[in-house]
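Accompanying notes for the structure given below.
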Amino acid sequence: MADEVLRMEHITKIYSNGFIANQDVTFGVGKNEIHALVGENGAGKTTLMKVLFGMEPSQEGKIFINGQEEKLQNPLHAISKGVGMVHQHFMLLPSLTVAENVTLGVEPTKGALYDFDRAVKETQEIADKYNFDIDARARVRDLSVGQMQKVEILKALIKGVKILIMDEPTAVLTPQETQELFEQLFILRDDGVSIIFISHKLEEVMHICSRVTVLRHGRSMGTYDTSELTEASLSKLMVGRDVVLKIEKEAPKLGKSVVSIRDLVKVDTTGKKVLDGISFDIREGEVVGIAGVEGNGQTELSQVLSGLGVFAGGTVELNGTPIKGKSVREIRDLGMAYIAEDRMVEGVAGNMSIKMNIVADRFTKKDFKKGLFMDAKKINDIADRYIRDFEIACDNRDQPVRMLSGGNIQKVVVAREFTSGANFLLACQPTRGIDVGTAEMIRKTIVRKAREEKVGALLISADLNEVLECSDRLLVMHKGKIVAAFPKANEVSEETLGEYMLGVKEMTAEEMEGLL
């Protein structure tokens with residue numbers, strides 16, 4: 001483009017272990033443009049942006065900003081050249097105000113002291129300019145997730161950035177919050193800010209981006225006008241094959257109750273009820289989805305069901321046995337498989353090998369022992385089979401899990417959990433931050449296990465498309481309560497869901513009778 005504000009030419013980044021993250025990648029962004037950067041996990045998107053933001057040096061290539069070659073040494077240097085980055089995981093200090101967070105690093109002073117009033121004034125002015133409905137004096141801990149996203153953007157804008165990198169900005173937003181964010185991004189674009197939009201949500205890419213650059217295995221597959229693409233053709237460019245974006249599934253054939261929850265109450269350290277009288281069942285053969293803005297009890301529910309959290313009142317039964325007081329191991333032995341919300345904290349042991357992570361739930365069983373020792377050949381054979389079956393991209397079975405990309409780490413988790421033989425699958429954010437190809441495999445497998453293996457599944461996800469596609473029944477949580485229940489998930493619109501998720505609407509107990 002003639003009016004490019006950014007050009008990265010022939011970028012090659014090789015890590016010390018020999019892994020080639022980017023190979024001869026050329027990438028450009030025009031003035032007043034929202035430009036998408038897409039690709040599977042491990043395709044090199046994050047690395048390329050780290051090079052641009054001064055977080056990683058590249059072995060080869062050049063970066064031009066407004067036609068001038070720049071050698072960006074670190075993030076502060078990148079910011080000084082007009083490049084900002086909004087990270088996928090918020091980097092905010094909850095106890096501070098919006099203004100204090102926004103001006104961190106560029107603090108206004110009065111003499112030798114921090115000038116709070118000026119910080120508030122400057123923050124509020126820039127928030128109002130871009131229609132960010134936010135109070136500069138509010139504490140970050142009191143904000144919604146959508147408002148926190150705005151604070152992250154304001155942190156970059158106040159530093160005068162003209163190239164803004166946004167990494168999965170809508171991952172935890174409701175449809176209403178997402179639409180509001182898009183309107184603000186259009187205002188930013190029209191005011192001269194060029195935006196690099198990284199997302200796995202292809203419908204969003206098609207909606208707000210004029211062009212898209214596709215990375216696959218560290219190489220650029222080209223830059224395309226979104227007007228010339230469909231979601232399906234873009235998916236194929238990313239993964240190299242056709243991807244099914246809609247899940248075709250038969251009506252569930254329900255069996256006995258696998259999980260029974262009655263009047264469940266969980267209280268946090270401050271005495272607040274984070275689960276407030278929840279009751280529902282999960283039966284054989286069905287996928288029950290839970291939608292809700294993050295922070296409304298979904299995490300606490302998964303902690304209770306998995307044995308990682310205690311509860312104050314009510315009962316939870318798994319296959320007819322109460323789980324109160326039981327350990328994680330005992331609950332798993334009752335028939336639970338668990339895809340954890342945070343794969344690195346609860347899903348894998350990062351320094352352990354792929355094979356040991358794959359058999360972590362079964363190496364104590366007799367089938368995996370030879371006398372007093374583990375059966376090394378059997379463990380190796382199973383690890384190799386699952387690496388092949390689940391297409392885990394790795395050097396070998398003995399490679400530490402932490403060396404893999406996020407998508408391949410998740411494949412290790414699902415390889416273990418999907419093959420555990422459990423009849424209850426608790427899947428929390430199973431496709432968060434992973435590529436469209438891996439996400440397709442995980443979603444289809446959840447549905448297949450329910451249909452073919454009579455597994456009862458609970459799917460907790462911030463991705464509304466995911467819960468609508470995979471779920472048979474759908475529940476909505478708000479402030480620790482179930483506020484809506486829908487017998488057929490595929491008949492609910494995202495807009496309707498959003499109203500219940502935000503607390504605008506709430507069903508009565510009579511309306512939900514028989515649906516839980």
Side-chain angles (χ1 to χ4, degrees), residues 1 3-31 33-89 91 156 159 161-169 193-200 209 211-224 237-238 393-395 399-400 402-409 433-435:
M1 290 181 70
D3 59 346
E4 278 187 335
V5 294
L6 167 69
R7 186 161 185 81
M8 304 177 76
E9 287 189 348
H10 308 296
I11 301 294
T12 295
K13 170 66 183 177
I14 305 172
Y15 285 100
S16 56
N17 63 358
F19 175 70
I20 303 172
N22 294 133
Q23 187 167 358
D24 194 30
V25 175
T26 295
F27 173 69
V29 179
K31 187 177 181 181
E33 180 185 22
I34 303 178
H35 190 121
L37 182 63
V38 302
E40 294 188 277
N41 261 82
K45 307 183 301 295
T46 299
T47 301
L48 187 66
M49 292 300 98
K50 283 182 176 179
V51 170
L52 173 58
F53 197 49
M55 297 171 73
E56 298 269 10
S58 62
Q59 280 78 12
E60 294 179 19
K62 296 179 179 181
I63 298 174
F64 297 89
I65 297 175
N66 294 316
Q68 181 76 35
E69 185 178 353
E70 303 288 354
K71 297 186 184 298
L72 302 172
Q73 305 297 322
N74 52 54
L76 285 177
H77 188 201
I79 289 169
S80 73
K81 298 298 179 181
V83 180
M85 188 167 185
V86 177
H87 297 273
Q88 183 176 353
H89 302 290
M91 297 185 177
K159 297 176 177 70
V161 304
K162 289 297 182 182
I163 300 168
L164 184 62
I165 305 163
M166 302 199 72
D167 189 2
E168 298 287 347
V193 178
S194 298
I195 298 166
I196 301 170
F197 187 82
I198 302 172
S199 180
H200 288 111
C209 300
R211 293 191 302 158
V212 54
T213 296
V214 182
L215 297 186
R216 193 198 306 164
H217 303 311
R219 293 177 175 271
S220 173
M221 295 292 103
T223 296
Y224 306 85
L237 284 168
M238 289 167 61
C394 60
D395 294 338
Q399 187 177 5
R402 61 179 169 78
M403 302 299 292
L404 305 181
S405 71
N408 283 297
I409 292 172
I434 64 174
D435 58 85

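Fair warning: this is a prediction, and the values are worked out from it, not measured in the lab.
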With no hydrogens and no angle check, is any side-chain donor or acceptor of K13 less than 3.5 Å from a backbone partner on Q59? no
Contacts of N408 that satisfy side chain to side chain donor-acceptor pair (under 3.5 Å) - sequence neighbours left out: S405
For L48, run the side chain to side chain contact (heavy atoms under 4.5 Å, CB included) check against I165, I196, V25 and tell me which one passes. V25
Are the side chain of N22 and the backbone of G44 linked by a donor-acceptor contact shorter than 3.5 Å? yes
Under the criterion side chain to side chain contact (heavy atoms under 4.5 Å, CB included), which of I195, V38, I34 is the partner of C209? I34
Side-chain contact test, heavy atoms from C-beta onward, threshold under 4.5 Å: evaluate it for R402 versus I409 and give yes or no. no
Verdict with reasoning, H10 to E60, per side chain to side chain donor-acceptor pair (under 3.5 Å): CA-CA 7 Å; H10 308 296; E60 294 179 19; over 6 Å; no
Heavy-atom closest pair, residues F53 and V83: CE1-O, 3.5 Å
Just to verify, what does H35 make a ring-ring contact (aromatic ring centres under 6.0 Å, His included) with, not counting sequence neighbours? F27
So how far is it from M49 CE to M8 CE, rounded to the nearest 0.5 Å? 5.0 Å
Locate the shortest heavy-atom distance separating F197 from P169; write the atom from each residue and the value. CE1-CG, 3.4 Å
Which is it for E56 and Y15 under the side chain to side chain contact (heavy atoms under 4.5 Å, CB included) test, yes or no, and what are the steps along the way? CA-CA 10 Å; E56 298 269 10; Y15 285 100; 3.4 Å; yes
Is a donor on one side and an acceptor on the other found under 3.5 Å between the side chain of T213 and the backbone of L37? no
To the nearest 0.5 angstrom, please state how far the OG atom of S80 sits from the CD atom of Q73. 10.5 Å
Would K81 and L72 count as a side chain to side chain contact (heavy atoms under 4.5 Å, CB included) here? Give the steps. CA-CA 9 Å; K81 298 298 179 181; L72 302 172; 3.9 Å; yes
For a side chain to side chain contact (heavy atoms under 4.5 Å, CB included) check, start with the C-alpha distance between I63 and L6, then their side-chain angles and the critical distance, and finish with the verdict. CA-CA 7 Å; I63 298 174; L6 167 69; 4.1 Å; yes
Measure the spacing between OG of S194 and CD1 of I65 and express it to the nearest 0.5 Å. 11.0 Å
Would you say the side chain of K45 lies within less than 4.5 Å of the side chain of H200, judging by non-hydrogen atoms? yes
Euclidean distance, H217 NE2 relative to Q23 CD, rounded to 0.5 Å: 12.0 Å
Heavy-atom nearest pair, A78 first then G54, reads CB-N, 4.4 Å
For H77 and K71, work out which heavy atoms get closest and say how close. CE1-O, 3.1 Å
How many angstroms lie between atom CZ of R216 and atom CE of M221, to the nearest 0.5 angstrom? 5.0 Å
Output the distance between atom CD1 (I14) and atom OG1 (T47), rounded to the nearest 0.5 Å. 12.0 Å
Minimum-distance pair of heavy atoms, taken over all atoms of F64 and E9: CE1-OE1, 3.7 Å
